[in-house]
Amino acid sequence: MKTLVLVQARVGSTRLPGKVLLPVAGAPLLRRMLERVRGARTPFELAVATTTDAEDEAIVSLCRRMDVRCFRGHPSDLLDRHYRAAAEARADVVVKIPSDCPLIDAGVIDRVLGLYREDTGRYDFVSNLHPATYPDGNDVEVVSFAALETAWRQATRALEREHTTPFVWDQPERFRIGNVRWETGRDFSMTHRFTVDYRDDYLFVTGVYEALWSQTRPLFDLSDILRLVGEHPELLELNARFAGVNWYRHHLDELRTVQQSETRSPEVGR
């Protein structure tokens with residue numbers, strides 16, 4: 001069973017342009033994230049799925065320097081981009097991880113993949129997002145190539161093409177869906193924001209790296225981050241007004257399995 005981990009990345013993000021190339025601990029954010037993904041123990045092939053836009057040549061160059069496979073595809077149809085990358089790699093299983101998760105814990109990747117692999121053929125899709133419990137920014141979605149191909153052929157709504165997997169996870173009566181909850185029993189998905197979408201998020205991430213990253217221990221884990229923000233709650237305040245903010249808020253009338261409590265709008269002027 002060939003597993004392909006795809007990190008979707010582009011330079012032209014709308015809210016924080018060029019975020020994947022912003023410096024974090026002396027290297028581009030995307031490089032730091034790929035290093036963390038490589039820390040997972042489950043066997044997989046790693047690749048970056050970027051776009052055909054000229055500005056994304058910088059991502060191709062970064063991947064070349066890191067010896068990471070890079071696929072270039074449609075700028076806005078991420079379902080098409082993921083499907084074609086998976087088809088080119090002849091993958092049986094595709095793991096979708098967004099590039100705005102530079103604090104992702106490799107152990108979380110192993111846990112989500114572990115559920116999918118422990119009984120091969122039991123699930124079409126496994127994630128830690130339905131419902132989410134981990135701190136935001138530990139997003140892992142595992143989908144069989146067969147289910148991905150079905151979505152690629154049949155999905156027609158804009159949100160299904162842009163966000164890759166909703167065609168699958170929003171139809172639990174049709175696809176076999178599995179979910180991994182945080183083993184602590186806690187739910188920090190709406191209170192702890194470890195992803196990068198806004199400038200405030202970037203300030204939080206750089207603060208964490210400045211405190212925890214070192215050449216001798218580059219792969220600090222989720223427990224280290226939680227210990228740090230417990231000791232320094234002012235770090236969480238840096239991007240607190242965006243805690244719980246995600247793309248769901250724009251599509252609550254279209255998504256069948258997402259509740260209002262799973263998203264919110266940014267607090268203005270906080």
Side-chain angles (χ1 to χ4, degrees), residues 3-38 44-91 94-104 137 139-141 143 145 148-149 151-153 155-167 194-206 209 239 242 245-247 250-251:
T3 301
L4 178 69
V5 173
L6 275 176
V7 175
Q8 61 194 55
R10 65 188 181 107
V11 170
S13 56
T14 54
R15 285 173 289 273
L16 185 58
K19 64 183 180 183
V20 297
L21 300 179
L22 290 173
V24 174
L29 181 150
L30 179 58
R31 182 182 184 93
R32 293 299 179 217
M33 181 185 165
L34 293 174
E35 291 169 349
R36 294 180 68 80
V37 173
R38 276 178 162 171
F44 59 78
E45 180 178 318
L46 176 63
V48 169
T50 191
T51 84
T52 53
D53 292 345
E55 62 185 351
D56 286 326
E57 184 61 39
I59 291 176
V60 176
S61 297
L62 185 152
C63 290
R64 190 178 298 118
R65 293 193 299 272
M66 293 189 68
D67 195 25
V68 173
R69 186 174 184 168
C70 188
F71 174 84
R72 304 186 78 167
H74 198 285
S76 59
D77 187 341
L78 270 76
L79 176 52
D80 183 75
R81 200 194 309 172
H82 281 76
Y83 169 75
R84 293 186 185 279
E88 182 180 281
R90 302 189 179 210
V94 179
V95 183
K96 175 182 178 288
I97 300 178
S99 61
D100 53 10
C101 297
L103 294 175
I104 193 167
D139 306 11
V140 183
E141 299 176 77
V143 61
F145 180 79
L148 183 67
E149 183 172 41
W152 177 73
R153 293 185 183 281
T156 57
R157 294 187 296 171
L159 72 91
E160 294 169 338
R161 308 302 303 193
E162 179 183 355
H163 298 286
T164 311
T165 53
F167 182 88
F194 298 172
T195 187
V196 177
D197 208 18
Y198 302 93
R199 173 64 61 175
D200 293 356
D201 298 327
Y202 173 63
L203 294 176
F204 170 78
V205 166
T206 54
Y209 268 86
N239 64 347
F242 296 111
V245 174
N246 56 50
W247 67 271
H250 301 300
H251 302 283

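Just the heavy atoms: all of them, side chains too, but no hydrogens, waters or symmetry mates, feed the values below.
Qualifying side chain to side chain donor-acceptor pair (under 3.5 Å) partners for Glu160, counting only residues two or more places apart in sequence or in other chains: Arg157. With sequence neighbours left out, Asp77 forms a side chain to side chain donor-acceptor pair (under 3.5 Å) with Arg161.
Ionic pairing of Glu35 and Arg38 is not present here: no N-O contact between side-chain nitrogen and carboxylate oxygen is shorter than 4.0 angstrom. Taking 4.0 Å as the cut-off between side-chain N and carboxylate O, Arg84 and Glu88 do not count as a salt-bridged pair. For Lys96 and Asp139, the salt-bridge test fails: no basic side-chain N is under 4.0 Å from an acidic carboxylate O. Asp100 has a carboxylate O that lies under 4.0 Å from a charged side-chain N of Lys19, or vice versa, which qualifies the two as a salt bridge.
Aromatic ring orientation, Tyr83 versus Trp152: parallel (interplanar angle below 30°, classes split at 30° and 60°).
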(request) Show the numbers, then the answer: is there a side chain to side chain contact (heavy atoms under 4.5 Å, CB included) between Thr51 and Ile59? (result) CA-CA 9 Å; Thr51 84; Ile59 291 176; over 6 Å; no
(message) Run the side chain to side chain contact (heavy atoms under 4.5 Å, CB included) test on Phe44 and Val95 for me, step by step, so that the C-alpha distance in whole Å, both residues' side-chain angles and the decisive distance to 0.1 Å come before the verdict.
(response) CA-CA 9 Å; Phe44 59 78; Val95 183; over 6 Å; no
(request) Might you work through the side chain to side chain contact (heavy atoms under 4.5 Å, CB included) test for Asp197 and Phe242, ending with a clear yes or no? (result) CA-CA 9 Å; Asp197 208 18; Phe242 296 111; over 6 Å; no
(message) Does Val48 form a side chain to side chain contact (heavy atoms under 4.5 Å, CB included) with Val60? I'd like the steps, not just the answer.
(response) CA-CA 9 Å; Val48 169; Val60 176; over 6 Å; no
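Atom SG of Cys70 and atom CG of Leu62 lie 9.0 Å apart (nearest 0.5 Å). The OG1 atom of Thr195 sits 10.0 Å away from the CG atom of Asn246 when rounded to the nearest 0.5 Å. Here the CG-CG distance, from Asp67 to Leu34, works out to 12.0 Å after rounding to the nearest 0.5 Å. Between the CE atom in Met33 and the SG atom in Cys101 there is a gap of 5.0 Å [rounded to 0.5 Å]. Here CD of Glu149 is found 11.0 Å from CG of Leu79. Values are rounded to the nearest 0.5 Å. For the atom pair CZ (Arg69) and SG (Cys63), the distance works out to 12.0 Å, reported to the nearest 0.5 Å.
Taking all atoms of both residues into account, the shortest heavy-atom contact from Ala25 to Tyr209 is CB-CD2, 3.9 Å. Nearest heavy-atom pair across Ala9 and Thr50 is O-OG1, 2.8 Å. Residues Trp247 and Pro166 share a closest heavy-atom pair of CH2-CG, 3.8 Å. The two residues Ala27 and Arg31 have their closest heavy-atom pair at CB-CD, 3.8 Å. When every heavy atom of Arg32 is checked against every heavy atom of Gly26, the shortest pair comes out as NH2-C, 4.1 Å. For the residue pair Ala49 and Leu6, the shortest heavy atom distance occurs at CB-CD2, 4.1 Å.
The side-chain heavy atoms of Leu203 and Asn239, taken from C-beta on, include no pair separated by under 4.5 Å. Between Pro17 and Val11, the closest side-chain pair of non-hydrogen atoms is not below 4.5 Å. Here the side chains of Arg10 and Val20 are not in contact, with every heavy-atom distance at 4.5 Å or above. Using a 4.5 Å heavy-atom cutoff, the side chains of Ile97 and Val5 are in contact. With contacts defined as side-chain heavy-atom distances shorter than 4.5 Å, the pair Val205/Leu22 does not qualify. With a 4.5 Å cut-off on side-chain heavy atoms, Phe204 and Asp201 do not count as touching. Residues Tyr198 and Val245 form a side-chain contact, since some pair of their non-hydrogen atoms from C-beta on lies under 4.5 Å apart. Residues Val196 and Pro102 meet the side-chain proximity criterion, which asks for heavy atoms closer than 4.5 Å.
The closest donor-acceptor contact from the side chain of His82 to the backbone of Leu78 lies under 3.5 Å. Using modelled atom types, one side-chain atom of Arg81 and one backbone atom of Pro75 make a donor-acceptor pair closer than 3.5 Å. The backbone N or O of Gln8 sits less than 3.5 Å from a side-chain atom of Ser99, completing a donor-acceptor pair.
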